[in-house]
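Scroll down for the structure; my scribbles are underneath it.
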Number of protein chains: 2
Amino acid sequence: MISVEEQLKSMKQQMIAKGYKSTVQREATMRVLLEHERDHMSAEDVYMRVKERFPEIGLATVYRTLELLTELHLVEKMNFGDGVARFDLRSEDHEHMHHHMICSVCGEVEEIQDDWLTELEQRVKREYGFNVSDHRLDFIGTFASCKHGDCRRHCETAS
Amino acid sequence: MISVEEQLKSMKQQMIAKGYKSTVQREATMRVLLEHERDHMSAEDVYMRVKERFPEIGLATVYRTLELLTELHLVEKMNFGDGVARFDLRSEDHEHMHHHMICSVCGEVEEIQDDWLTELEQRVKREYGFNVSDHRLDFIGTFASCKHGDCRRHCETAS
DNA sequence: TCTTTATTTAGAATGATTATAATTTAATAA
DNA sequence: TTATTAAATTATAATCATTCTAAATAAAGA
């Protein structure tokens, strides 16, 4: 496990290597992302969290930074169909993709930390001549706890 | 294979059964969807096509109709992360879900008409207590033809 | 046909995201 | 270190997709 400071340093280096500048606003934004690794935050969420420590920052800057980080493959931009894009830091090993379970009762999004699709990606290549560079797998349904009306655990973070 | 007229009739019946009214605007919209079964049209696309034959129709009506049809599970609403929702008629057999290949060169979306996920859905239930009612699987990558710079076939419908 | 209620229309409103123009700042060279 | 230059930021306006509103219209049932 790499420390936050080390990750930050690495991200900054990647920025500079591609000819982008390292700014305090970008650093503040990256810090928030590092501290909320798998929270699926919207741009607005990130903005509010960054603003706590850097009140002068503008929303557009956060948008631009998230866009840049996505371009650098440091951040993953997702879309769960609720009208807002969500952002998460990409884990160190880019290969290791994860999947999502989206609860239709409480709206909570939970992760499956495995990659279950390597075989299927080979199949796509074989059968369709399609070379997969990335994928996305979401399951929609309900957690056992939610089905019983007792979805406290998943609901409290949702709202 | 059921004829367009028969499918239309069935859809109207389902509407009425749920207490909604059958209107000419809704019929015109459904007709367009029936004639573009797997085109992944945006609301705007549908609107323009409906307008050709029913020029008085309003965009909001198309949106409302698509929303209603989605609610009735007659239409599938999808989101490929490009900022617009896309709509397709659900095939007769609702079980038979399909997957998508999204080309990062030409933007074309193509379908895999199989359901490759039944096993994985059981695994989600076993390992996470999550009951899957639906899923979504997109592969992002490139078609062999596109990689060679010759992606005419896929590009011409993309724009 | 009459009545009731849903639906449509046109246009305004909203919410997320992106563009603009003026100002500031980071990186680099002198 | 300072000066230079291009990129980044700010605040705000603009845009795009989508939803809402109020008045007018049309469908279904009595």
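Proteins come first, then strands; the chains are lettered A, B, ... in the order of their sequence lines, and each starts at number 1. Side chains are part of it too, since the values below use all heavy atoms of this structure and drop only hydrogens, waters and symmetry mates.
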Open item on the list: Under 4.0 Å, heavy atoms only, any strand: does B/Glu56 hit a base, just the sugar-phosphate, or nothing?
Closed with: sugar-phosphate
- [ ] Give every residue pair that meets the salt bridge (charged side-chain N to carboxylate O under 4.0 Å, His left out) criterion with at least one member in residues 13-32 of chain A, sequence neighbours excluded.
- [x] A/Glu5-A/Arg31, A/Lys12-A/Glu27, A/Glu27-A/Arg31
Residues in salt bridge (Lys or Arg N to Asp or Glu O under 4.0 Å) contact with [X], at least two apart in sequence or another chain:
X        : value
A/Glu127 : A/Arg123
A/Glu111 : A/Arg38
A/Arg136 : A/Asp138
A/Glu56  : none

Task: Where chain B begins and ends its contact with DNA chain D, read 5' to 3' at 4.0 Å from heavy atoms - done: D/dA17 to D/dA28
Open item on the list: Check the orientation of B/Trp116 and A/Tyr128. Use parallel for under 30°, tilted for 30 to 60°, and perpendicular for over 60°.
Closed with: tilted
Task: Pairs flagged by ring pair (Phe, Tyr, Trp, His ring centres under 6.0 Å) wherever residues 22-46 of chain B is involved - sequence neighbours left out - done: B/His40-B/Phe80, B/His40-B/His100
Open item on the list: If the condition is ring pair (Phe, Tyr, Trp, His ring centres under 6.0 Å), which residues does A/Phe130 pass it with, not counting sequence neighbours?
Closed with: B/Phe143
Open item on the list: According to ring pair (Phe, Tyr, Trp, His ring centres under 6.0 Å), who are the partners of A/Tyr63, at least two apart in sequence or on a separate chain?
Closed with: none
Task: Axis deviation across the helix from C/dT1-D/dA30 to C/dA30-D/dT1, five-pair ends, to the nearest 10° - done: 30°
Open item on the list: If I take atom CE in residue A/Met48 and atom P in nucleotide C/dA16, what distance separates them, rounded to the nearest angstrom?
Closed with: 11 Å
Open item on the list: Please give me every residue in residues 58-66 of chain A whose heavy atoms get under 4.0 Å of an atom in DNA chain D, ordered by residue number.
Closed with: A/Gly58, A/Thr61, A/Arg64
Open item on the list: Please list, in numerical order, the residues of residues 15-31 of chain A that have a heavy atom closer than 4.0 Å to any atom of DNA chain D.
Closed with: A/Tyr20, A/Lys21, A/Thr23, A/Gln25, A/Arg26
